[in-house]
Each structure stands twice: as structure tokens, then as C-alpha cells.
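Beneath this line is the structure, given in C-alpha cells, with notes to follow.
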Amino acid sequence: MFQIQDQSLRPLATAHLAQTMSLLVLSNQDLREEILHEISSNPALEIVDESVCPSCHRPLRSPGPCPACSAARSQDEPIVFLSPRESFAPGRSRSSEDGLADQEPAAPEDLSLSVLRQLAADIRPEDRKLAVYILSSLDDNGFLQDPPVMLARLTRSPMEQVTRVLDLISHTDPPGLATSGPRDALLVQLDLIQQEEPENLIIGYARQIILTLFSELGKKDYETISRKLKISLQKVRTAVQFIHDNLNPYPASAYWGSGRQAIAADPNIYHTPDILISHNPVDPEGALVVEIFAPIYGWLRVNPLFRKAAASAEDSKSDAWGKHLDRANLFVKCMQQRNNTMRQLMEILVGKQRNFILRGDRELSPMTRAAIAEEIGVHESTISRAVSSKSVALPDGRIIPLSRFFDRSLSVRDRIKDIVRKETKPYTDEQIVELLRKQNISIARRTVAKYRSIEGILPARLRHKKAPAAARV
DNA sequence: CTATGGCACGGATT
DNA sequence: AATCCGTGCCATAG
């Protein structure tokens with residue numbers, strides 16, 4: 001049974017399809033780059049700084065689901081909407097297929113690790129996960145892309161905790177790490193120095209300069225600084241010299257020569273997710289709320305003025321303009337298509353896997369991409385692309401790859417973990433097979449072994465002693 | 001002899 | 001067409 005592909009007549013159709021596909025695979029970070037590139041090379045495109053409900057296209061005042069649309073929705077269905085969003089952590093944060101937050105990273109000695117190590121003594125255990133998350137979402141310069149509130153929201157941590165952890169991180173070794181930019185980094189470093197030399201007056205000047213006249217500092221406009229702060233030029237120069245000698249506006253690069261790719265990608269840790277699933281704030285038992293983050297803030301559209309201008313342009317120009325216009329139209333259409341696909345996908349996914357999302361791995365019911373594809377009437381490769389390299393934040397704060405929803409063995413693996421966790425004496429693989437059979441799961445003995453190794457569970461022989469809670473490091 | 005891990009095959013999925 | 005996954009068979013370690 002096929003769905004209608006009514007665009008096959010138009011010449012645009014194939015290009016349209018092709019481009020939609022290529023956009024669909026992209027994660028938000030990558031998509032953002034793509035969009036920015038497109039905009040900068042095509043005058044017909046513009047971003048309007050206003051949210052529009054993706055389904056009814058009404059302007060959306062407050063962030064959140066469109067009141068008009070979600071009201072009409074039945075209670076059980078998840079509320080899915082596109083969420084406007086400022087920038088995402090850039091950098092090569094490729095989400096590899098099997099990244100788990102709780103997996104042992106086979107990590108090289110990188111900046112985040114070294115910080116984590118220093119932190120180890122001071123940090124509260126419950127802050128650890130958050131610290132890891134923050135460190136992994138820093139950009140190449142060691143700065144925070146997202147404002148702290150966003151972090152709090154994404155990780156579902158109280159704001160108070162986020163500030164606490166941020167404070168801790170920014171004051172350890174490469175000082176000024178995890179601040180919002182060079183300015184804050186400098187200030188933090190200044191604080192640290194001041195603690196050691198409380199009576200050094202230069203520090204006071206330096207702080208004032210950074211605090212109030214940062215851009216002038218950048219421009220080396222010392223005269224203005226001197227005038228505005230009513231400090232002698234001489235002192236300004238001393239202070240600037242002090243800043244240069246003792247502070248580093250890019251904390252990440254201090255320790256890592258090149259600075260680039262220093263922190264960035266540990267494929268085992270997910271960065272800012274593409275999708276956020278939360279409880280309904282009004283009714284925690286009710287429909288889940290799914291936000292699909294937009295890669296840019298505002299909405300992309302063809303500039304109406306450009307369209308008008310192109311229509312009435314003289315021949316010499318209208319050709320080039322027409323091309324731009326076509327391209328812009330195509331691009332916008334593709335974006336809509338992409339959003340639409342993502343939205344439908346998430347609706348189905350969240351609808352079917354509610355238990356998995358709320359109760360954990362064990363509840364994942366097996367699905368295939370193909371089945372979803374049929375349900376919404378697209379080619380299975382479309383779903384495949386939509387799922388790949390996307391990550392989603394669950395209500396409990398875990399960030400998992402979207403592809404996890406299609407992991408056929410996840411539920412069984414979780415059950416095995418559970419069996420092993422509860423065992424008093426080590427079960428052999430064969431016995432585990434039996435136990436699983438009682439839960440209506442029949443798999444081969446060999447497969448149990450395989451899952452065990454995936455989960456890092458030792459063979460029964462070596463499991464003699466129970467070592468609870470040793471899994472996490 | 002038993003419990004496991006390695007290799008490889010075939011079918012399902014992407 | 002390429003890849004992934006469950007499984008069977010067999011060698012090996014205990």
C-alpha cells in the first residue's frame with residue numbers, strides 16, 4: 001500500500017526530496033551550520049524573530065506548545081512541538097551510535113578529564129553527573145554555550161546546583177573554564193589571584209577595566225579607559241600589562257596549545273540534545289511534552305520583499321534573483337518537511353514508548369524503523385535518517401541517542417542486568433536463559449553471553465563475590 | 001565435563 | 001547493497 005506522492009510531476013520534486021533527506025540526517029548542530037550557510041549565500045532567505053506554531057502557523061507568543069493546537073489534542077497523545085532555541089554547542093559533537101552516559105569512556109587524557117580528576121575531592125557525588133555534562137558541553141574555547149538556566153532545564157537540576165557546580169569548575173585548574181566568555185573567564189581568574197594578593201591595587205584596576213570597559217580593552221583604546229575610569233594612563237597600561245601577563249581569556253587553550261578539539265568530543269557523552277521530553281507541568285500523569293529544538297532562533301522564510309522585488313525586476317537581474325528565489329523556496333520547504341517528519345516521528349515514538357520513557361530500559365517494546373515508516377507513509381530510509389545522529393533528553397535527565405528507541409535487545413539486556421544484580425550466587429548463562437524464559441523471553445544461551453559482554457558483566461565463574469554499585473566509576 | 005568466548009553464517013534491518 | 005544481530009558449532013580454559 002503506497003501513499004500518494006503527488007509531487008512527482010513537478011521538477012522540484014526530486015531535488016526537494018533529495019535535499020529534505022540530506023537535511024534530515026543532520027543533527028541540530030550541523031543543521032544550524034547548514035542553515036547559516038544557506039542564509040549567508042542566499043539573499044532571498046531571512047529569519048523572522050517570532051515563533052510560529054508549526055502546525056497551525058499562528059504566531060506563538062510564549063514558548064511552549066501552541067495553546068490553540070494542544071487544546072484540541074486528546075489527553076493521551078503526547079504534545080509535540082518545535083521549540084525555538086538559541087545556539088547549540090558547536091564543535092564536532094557527533095553523537096555516535098552507542099554512546100551511553102553511564103558507560104566507561106575509553107578516554108584519552110583530555111581537559112575535561114583532568115578537571116574532573118581535580119574536582120573529585122571537592123565535588124558532591126550528586127553533582128558529578130552534572131559536572132560531566134557541563135564539561136562535555138563546553139565549546140572549543142572552554143566556554144559555556146548555553147546559559148546556566150538552560151543547563152538547569154536540560155539536566156533537570158535545580159538552578160542552585162548548577163551554579164554551585166559551575167562555580168566549582170570555573171575555579172579549578174584552568175581557571176575560568178565553563179564561564180560564558182572571555183570576560184567572565186578573566187574575572188574569575190582575577191578573583192583567584194586576588195585571594196592570594198589581596199592588597200595588590202593593580203588587580204582592582206584590572207577588574208574595573210574588564211568589568212566596565214571590556215570592548216575598549218579589546219580595542220586597546222587605553223585613552224578612553226583612562227578617561228572614563230579617571231585613572232592615569234600609566235596605571236591603565238600597568239593594569240593591561242598585568243592582565244596580559246597573568247590572565248588568559250581562553251582558559252581551554254592555556255593548557256592545550258592549539259586549543260582546538262581539546263575538550264570537544266567524547267563520543268560517550270552526549271551534548272545538547274536535539275529533542276527534550278518532559279512531564280506535563282500541569283499534569284505529571286498526563287501526556288508527555290516533547291520539544292524538538294529548532295537549530296536557530298526564530299523562523300526561516302522567504303523574504304517577502306525579495307519576492308516582490310524579484311517579480312518586478314528587470315530581465316538582467318530577475319534571472320539570478322529567480323534562482324535565489326527558487327532555491328530559497330526549496331530550502332524552506334525542505335525545512336518544513338524535515339520538521340514535519342521529526343514531529344510525526346516523535347509523536348508515534350512517544351506515544352508507543354511511554355513506558356520506556358518513564359520507567360526505563362526494560363519497558364522498551366521492540367519496534368522497527370520500517371514499521372514507523374509505513375505508519376506515517378514515508379520511505380524507511382527517511383525514518384532511518386531522521387533517527388540517526390539525534391539525541392533526546394528524557395524526563396529523568398538521561399540523554400540517549402534516538403536510535404536507542406529501536407534497540408531490539410535493550411529490554412532483554414536490562415532484564416539480564418537485573419537478574420545478575422539480584423542474584424545471590426552467580427547464575428550460569430544457561431540458568432539465565434531459563435529465568436528469562438519465565439519472563440516469556442526465549443533467547444539462545446549464546447546470546448545471553450553476548451549481552452553480558454555488552455553490559456560488561458563478568459562470566460559467572462568470575463562473579464563469585466557480589467560487588468554492588470561497582471559498575472559506576 | 002561444563003561454561004565461555006571466537007568465528008562465521010543467514011536472515012532481518014537499514 | 002551494506003550492516004547488524006542472533007545463533008550454532010567448536011575450541012579452550014577451568
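We name chains A, B, ... by the order of the sequence lines, and we start the count at 1 in each one.
- Remark on DNA chain C: of its neighbouring residues A:R408 and A:R446, the 5'-side contact belongs to A:R408, judged by nearest-heavy-atom nucleotide.
- Comparing atom distances between the A:A444 side chain and each of B:dT14, C:dG8, B:dT4 picks out C:dG8 as nearest.
- Between A:R369 and B:dT14 there is a side-chain polar atom (N or O) within less than 4.0 angstrom of OP1 or OP2.
- One can place CZ of A:R452 at 15 Å from P of C:dG6, the figure rounded to the nearest angstrom.
- The side chain of A:T447 sits closest to C:dT7 out of C:dT7, B:dT4, B:dT13.
- As judged by a 4.0 angstrom heavy-atom cut-off over every strand, A:R445 is placed among the base-contacting residues.
- As judged by a 4.0 angstrom heavy-atom cut-off over every strand, A:I383 is placed among residues making no nucleic acid contact.
- Taking atom OH on A:Y427 and atom C1' on B:dA3, their separation rounds to 17 Å, with Å as the unit.
- Here the P atom of nucleotide B:dA3 and the NZ atom of A:K425 are 11 Å apart, to the nearest Å.
- Counting only heavy atoms from C-beta on, A:D429 has its side chain closest to B:dT4 among C:dT7, B:dT4, B:dT14.
- A 4.5 Å side-chain heavy-atom check between A:F405 and A:L410 finds every atom pair outside the cut-off.
- For the pair A:T428 and B:dT4, the criterion of a side-chain N or O lying under 4.0 Å from OP1 or OP2 is met.
- Proximity of A:L288 to A:L358: side-chain heavy atoms (C-beta onward) are separated by under 4.5 Å at one or more points.
- Ion pairing of A:R421 with A:D418 is present here, as a side-chain N (NZ or NE/NH1/NH2) and a carboxylate O approach within less than 4.0 Å.
- One finds no salt bridge joining A:K438 and A:E434 here, because no Lys/Arg side-chain nitrogen approaches an Asp/Glu carboxylate oxygen to under 4.0 Å.
- For the pair A:R461 CZ and C:dA13 P, the computed distance is 12 Å after rounding to whole Å.
- Applying the 4.0 Å criterion to OP1 and OP2 of C:dG6, one finds that A:Y451 has a side-chain N or O inside that range.
- Atom CD of A:E374 is separated from atom C1' of B:dT13 by 15 Å (rounded to the nearest Å).
- Spacing between atom CE of A:M367 and atom C1' of B:dT14 amounts to 14 Å, rounded to whole angstrom units.
- Considering only the side chain of A:P459, B:dT4 comes nearest among B:dT4, B:dT14, B:dC7.
- In this structure, the CD atom of A:E455 is 17 Å from the P atom of B:dT4, given to the nearest Å.
- Straight-line distance from the NZ atom of A:K450 to the P atom of B:dG5: 11 Å, rounded to whole Å.
- Salt bridge status for A:R362 with A:D414: present, with a side-chain N to carboxylate O gap under 4.0 Å.
- Within 4.0 Å (heavy atoms only), A:S453 reaches no atom of the nucleic acid at all.
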